[in-house]
There are 2 protein chains.
Amino acid sequence: MSDRLPPLTALRAFEAAARHMSFAGAAGELNVTPAALSFQIKSLEEHLGHPLFRRLNRAVELTEAGRALLPGATEGFGALAQAWRAARRVADTKTLTVTAGPAFTAKWLAPRLFGFAQAHPGIELRFSATLRLLDFDRDEIDVAIRFGKGDDEGLFSRTIIDEWMTPMMTPELARKMRTPEDLKSAVLLHQDDTAWLTPPADWGAWFRAAGLGEAPKGGPRFSQADHAVDAALAGGGVVLGRLSLTYGALQDGALVAPFPLALTTDAHYRFVCPEGAESRPQVAAFLDWILEQTAEMADYDPDRPVIDAADVAQ
Amino acid sequence: MSDRLPPLTALRAFEAAARHMSFAGAAGELNVTPAALSFQIKSLEEHLGHPLFRRLNRAVELTEAGRALLPGATEGFGALAQAWRAARRVADTKTLTVTAGPAFTAKWLAPRLFGFAQAHPGIELRFSATLRLLDFDRDEIDVAIRFGKGDDEGLFSRTIIDEWMTPMMTPELARKMRTPEDLKSAVLLHQDDTAWLTPPADWGAWFRAAGLGEAPKGGPRFSQADHAVDAALAGGGVVLGRLSLTYGALQDGALVAPFPLALTTDAHYRFVCPEGAESRPQVAAFLDWILEQTAEMADYDPDRPVIDAADVAQ
DNA sequence: ATTTCACTTAAGTAGAACTTATCTGAATGT
DNA sequence: ACATTCAGATAAGTTCTACTTAAGTGAAAT
C-alpha cells in the first residue's frame, strides 16, 4: 500500500483492461497473453491491498477503487502518449509537415516544391491544405503559412510576401482592354476567400482607387482564389490577381497586368511555427528556402504604383 | 522510433531527470544509482532515435525534443499519481476523513466522537475543521458536513438536522428573563458565521417574529458560533442558540431556552460525499451513526412553535 | 597538478514480465 | 441433460528488463 506510484506496466494493463472491460481484449491491445495481463492486474491489486475488478462469471466489472483509478489513469497515459508523439515529431528531422490555404498551396507551394525537394533530398514534406486553423501540437504541424494580419502571439512569425493585387488577364483578352474603363464591360472574376478582410481588397476597392466610380455588379464568384486565377488563365475573365498566386503566370506570360495601379493591405502571408521550432534543421531549411523564393518576388515590378485598400475604404 | 509508448520506467526516469536537471538528483529521487538512470535515459533516447539531453561538462540541458516531451510527461505522471492516491483512499477502509465547520466540529462532532470510535474501533477518523469548501478529490476528503442550502449537484447529500434557533442562556440568567421583552435590556451575543444566510436568521429576525419590534443594536460579536455559545455558557449573555450546537447543553441543563418561539431557515446541515461513496463501509457506518444521533435530536421539543425566517424578512 | 564532480561504460545479477499449458466455472446451445 | 465455449486463474519455466557494483572519462574547481 505504498504511497508512491505502483509498477507502471501493471497500471497500464489496468487502464487497458478497464477501457476494454475485458482482460482478453486488453491483452490483445498490449500484445501479451491473457495470462500475463491477469498477473499484472493481480499484482496491482496486491500493491493496492484491494481488488480493482470484480470477477463475474463471464465478465469483469470495476470495483469502486477501480472506478476511482480509471479516469486519472486514462488521462495520465493519454498525456504521456501525446507528449511522446510531440517528442517524436521534434526528433524527426526527416519530415516536415506544413499547412497552408488551398490557394497558396496550389499556386505557390506546389509549383516550387520540386526545387525544395532537390535542394533537400533528406526532408520528406507533408502538406495539409486547409483554411481551418490547425493547432501545432494537436494536429502535429511543424509550420503554417497563414494569410491575414494575425498577431501570432507566442509564436515565431515572419512575413514572407508583401502582397499586392491588380487586374490580370490573358494576353489575348488584354488586347481588348486598352484602358481601365474597359473593365466596366469585362467579365470580372470574384474571389470570396478574402472577403473577411477589412478593409476589403476587392474589385470595388480597386475601382475606387482607380477613380472609376462603382465597380459593376455581377460576374462569377469563386470560393477559392486559385480557381479564379485558373478561370482567368483560361481566358474566362479578369481577375484581381494577387502577386503571390500569379507570379509564375506573370513570369511566363500566361497572364498580363496591363494597368499599373495595384492595391495592397496590411494582411500578408506569414511563415508561422512554434517559438523555438525555427531552429530545427528542417524548419530552418524550409524558411530559408521560402525567403529565398519570395525575395525574388519582392523584386518584381518595384515601381508599380500601390494604394492601400484602407485609403479607399467606403 | 515506435509510435507506441516507450518503456514507462525510462520515461519516468526522464521526467525526474528533467525536473531535477540532474541525473544524480533524479537517481536519488527514484532510489536507484546514477548508473541505472543513465541507462534509462540512454534507452529512451534510443527509442526516440534522438538525444533528449545535451551533456555538458558538469550539467545537462534539455534538447528541443526533451523540451517537447517534458511538460506532457510531467502532466501524465502527475495524473497517474493523483489517480493512484484516489484509488488508495477508496481502497482504504480503515480511515475516514471528515471535514466540517469549526462550530459543528467543536459542539457536535467532538463530544460524540468517543461513541463512534467505540462502535467502530477499526475506523480511524481524521478531521479537517475549516469553513473553506474543500475539494473531495484534491484534498482527499471522504465526507463533508456542510451548512447552508447547497444544491450538492453530482454529490450524495442527506440533510441530517432540521435546524432551529431560539434565545438561550444559563439558568441563572433566565431567572431575570421573565418575558421576551426583558431581552431588550439583556446582553445579546451575535454570531457572524451565518451572516451570509438570506434571509438572515439573526436577533433582528427573532425580534420581528416575536412581535417585539427592532432588536437592540450592540452586544459582542463572534466570528464563530461555538464561541458565542461558550460565552452564553459562561453566563456572558443571551445567544440565539442553534439546536445543533446546544443540544448537549440543553440536555444537561447548562443552558435553558425559556421562550418557546424558534426561528428556522431552509439552510440545514447536510452529510455530503461523492456520488457512490455512500456505499463504502466506513462512509456508510459514519452516516448511519450520524443519522442515529440526529434522530434523537429531532425528537427534542417537537411542539415548539417555529417561524421561518423568510416570513419575517425585512 | 590534483581533486572533485557529474555522467558514462562494463559486467554481472535479481527479479519482473512474459510464455505455454492446464484448470475452473458458469453461460450457451442443442 | 450434456457437451461446448468462453473468460479468466493458476503453475512452471524462460527471457530479458532494470538494477547493482566498480571502474572510467573529462572538464571544472582548488
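Chain A is the first sequence line, chain B the second, and so forth, proteins listed ahead of strands; every chain is numbered from 1.
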Write down the distance between [atom1] ([X]) and [atom2] ([N]), rounded to a whole number of angstrom.
X: His47(B); N: dT17(D); atom1: NE2; atom2: C1'; result: 11 Å
X: Leu44(A); N: dG8(D); atom1: CG; atom2: P; result: 16 Å
X: Leu8(A); N: dA18(D); atom1: CG; atom2: P; result: 10 Å
X: Leu52(A); N: dG8(D); atom1: CG; atom2: P; result: 15 Å
X: Phe23(A); N: dC6(D); atom1: CZ; atom2: P; result: 19 Å
X: Leu30(B); N: dT20(D); atom1: CG; atom2: P; result: 10 Å
X: Asn31(A); N: dA17(C); atom1: CG; atom2: C1'; result: 14 Å
X: Arg12(B); N: dT17(D); atom1: CZ; atom2: P; result: 17 Å

> Is the shortest side-chain N/O distance from Ser38(B) to OP1 or OP2 of dC7(C) below 4.0 Å?
Replying inline: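 No.
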Nearest to the side chain of [X], heavy atoms from C-beta on, is which of [options]?
X: Gln40(A); options: dA10(C), dC18(C), dA18(D); result: dC18(C)
X: Thr33(B); options: dT20(D), dT20(C), dC7(C); result: dT20(D)
X: Phe39(A); options: dA11(D), dA11(C), dA17(C); result: dA11(D)
X: Arg55(A); options: dT20(C), dA9(D), dA10(C); result: dA9(D)
X: Lys42(B); options: dT9(C), dT10(D), dT20(D); result: dT9(C)
X: Ala24(B); options: dC7(C), dT20(D), dT20(C); result: dC7(C)

> So, Phe104(A) versus Tyr269(A), ring centres under 6.0 angstrom or not?
Replying inline: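 Centroid distance Phe104(A)-Tyr269(A): below 6.0 Å, so yes.
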>> Would you say that more than 12 heavy atoms from the other residues, nucleotides or ligands in this model lie under 6.0 Å from the CZ of Arg112(B), or not?
In response: yes
Give [X] one of three labels, base, sugar-phosphate or nothing, depending on what nucleic acid heavy atoms sit under 4.0 Å from its own.
X: Ser43(B); value: nothing
X: Thr9(A); value: sugar-phosphate
X: Ala59(B); value: nothing
X: Ala10(B); value: nothing

> From Glu61(A) CD over to Leu52(A) CG, what is the distance, rounded to the nearest 0.5 angstrom?
Replying inline: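 Rounded to the nearest 0.5 Å, the CD-CG separation comes to 13.0 Å.
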> At what distance, to the nearest 0.5 angstrom, does CZ of Arg158(A) lie from NE2 of His268(A)?
Replying inline: 15.0 Å
> Under a 4.5 Å cut-off applied to non-hydrogen side-chain atoms, are Phe14(B) and Phe53(B) in contact?
Replying inline: yes
